[in-house]
Amino acid sequence: MTEKTLVIDGMALLFRHFYATSFRNQFMHNDKDLPTNGIQGMIRHTFKLIELTRPENLVVTWDMGKETIRNEWFAEYKANREAPPEEMIPQFDYVKEVIHDMGIYQLGIHGYEADDIIGTLAKNYDDLLIVSGDRDLLQLLGGSNEIWLTKKGFSEYNHYTESVFKEEYAITPQQFIDVKALMGDPGDGYFGVKGIGEKTALKLIREYGSIDNMIQNIDSLSKGIRTKVLNDMSSLQMSYRLAKIITDVDFSHDEYLNHRRLILDKGKIEDALIRHDLSITRRYLHTLDI
């Protein structure tokens, strides 16, 4: 009998819900005068997912600090991102404290992104249901694993399996790394080949299968594309390395297997929400069938 494991990209949900209310200056300070708008949205979203998916297991994955191994490879990685708003900063650690107090398993490794932890889980385990807003994770699709990309509210998602991805993009999930490398990701500070966007990148990978094969057949490219690729060859190579999610992060798999089981201790959850003065979340949980 298979067991479903819900894998949540914690930072993706935390940021999503912070910005959903912060533009109206609704920071939802608790009795400790700490802003909790991102936390309350993230936790409500998590419990709605539990209601929707009925998983046997649950893990919330986290980015752990700004610097990762990718900054050792490429100093400019994510260097162009603005600092988070001051109301967001205390919520990074506080959300982990609240989730711990509710008895939910969390996993974060210094030097790696949540994507890399999710990538390692996807390589080693089946029947994962991964929830994020990050399309980069689509490269991990395969087997019985699914990815739900946030769309609207707590209940609307774009649902992906490997077959759905292939039908939509006409490439394999693994080839999505090549597409990302060609088009770059300015938000992450790497630019691939200047002048090549997603449409052209997809066309090239559908035709050549991979960046390596495209380079081996570079004389068959149009003059314009060939010139762009040759001018940005070093950028392309680094972009591929940065776009590829790491799938061998070193963490204790025994600990993961021993702690991932979802046990909803309603008394413990209620106590944590009262203690942290998360009244909006507490009221919301009373409306759910969990």
>> Parallel, tilted or perpendicular, judged at 30° and 60°: which one describes the rings of H45 and F154?
In response: tilted
>> Which residue is it: D126, N57, D127? I am looking for the one with a side-chain hydrogen bond (donor to acceptor under 3.5 Å, both in side chains) to T5.
In response: N57
>> Salt bridge or not between D116 and R70? Use side-chain N to carboxylate O under 4.0 Å.
In response: yes
> Hey, is K180 close enough to D136 for a salt bridge, meaning N to O under 4.0 Å?
Replying inline: yes
> Does D188 come within less than 4.0 Å of R81, counting only side-chain N to carboxylate O?
Replying inline: yes
> Ion pair present between D248 and K123, side-chain N to carboxylate O less than 4.0 angstrom?
Replying inline: no
>> So, applying ring pair (Phe, Tyr, Trp, His ring centres under 6.0 Å) with F92, which one of W62, F15, F18 is it?
In response: F15
>> Minimum heavy-atom separation for S239 and A181, please, with both atom names.
In response: CB-O, 3.5 Å
> Any salt bridge between D185 and K78, counting N to O under 4.0 Å?
Replying inline: no
> Between the side chains of E162 and N145, is a donor N or O closer than 3.5 angstrom to an acceptor N or O?
Replying inline: no
> Mind checking whether F27 and H29 have parallel, tilted or perpendicular rings, split at 30° and 60°?
Replying inline: perpendicular
> Please walk me through it: do F165 and F176 pass ring pair (Phe, Tyr, Trp, His ring centres under 6.0 Å)?
Replying inline: CA-CA 10 Å; F165 176 88; F176 195 54; 5.6 Å; yes
> If you count the non-hydrogen atoms of other residues, nucleotides and ligands that lie under 6.0 Å from CG in D250, is the total more than 12?
Replying inline: no
>> Using the rule given for salt bridge (charged side-chain N to carboxylate O under 4.0 Å, His left out), can you reason through D232 versus K228, listing the C-alpha separation, both sets of side-chain angles and the distance that settles it, and then say yes or no?
In response: CA-CA 6 Å; D232 274 332; K228 289 173 182 175; over 6 Å; no
>> Working note: R135 + E198, criterion salt bridge (charged side-chain N to carboxylate O under 4.0 Å, His left out); need CA distance, chi angles, decisive distance, verdict.
In response: CA-CA 13 Å; R135 202 166 59 119; E198 182 171 352; 3.0 Å; yes
> Do N37 and Q91 have side-chain heavy atoms sitting under 4.5 Å apart?
Replying inline: yes
>> For a salt bridge (charged side-chain N to carboxylate O under 4.0 Å, His left out) check, start with the C-alpha distance between R261 and E3, then their side-chain angles and the critical distance, and finish with the verdict.
In response: CA-CA 10 Å; R261 175 68 66 183; E3 290 191 353; 2.8 Å; yes
>> Please verify the inter-ring angle class for W148 with Y157; under 30° counts as parallel, over 60° as perpendicular, anything in between as tilted.
In response: tilted
> Can a donor-acceptor pair be found between the side chains of T281 and Q40 at a distance below 3.5 Å?
Replying inline: yes
>> Is the ring pair Y105/Y256 parallel, tilted or perpendicular, if the boundaries are 30 and 60 degrees?
In response: tilted
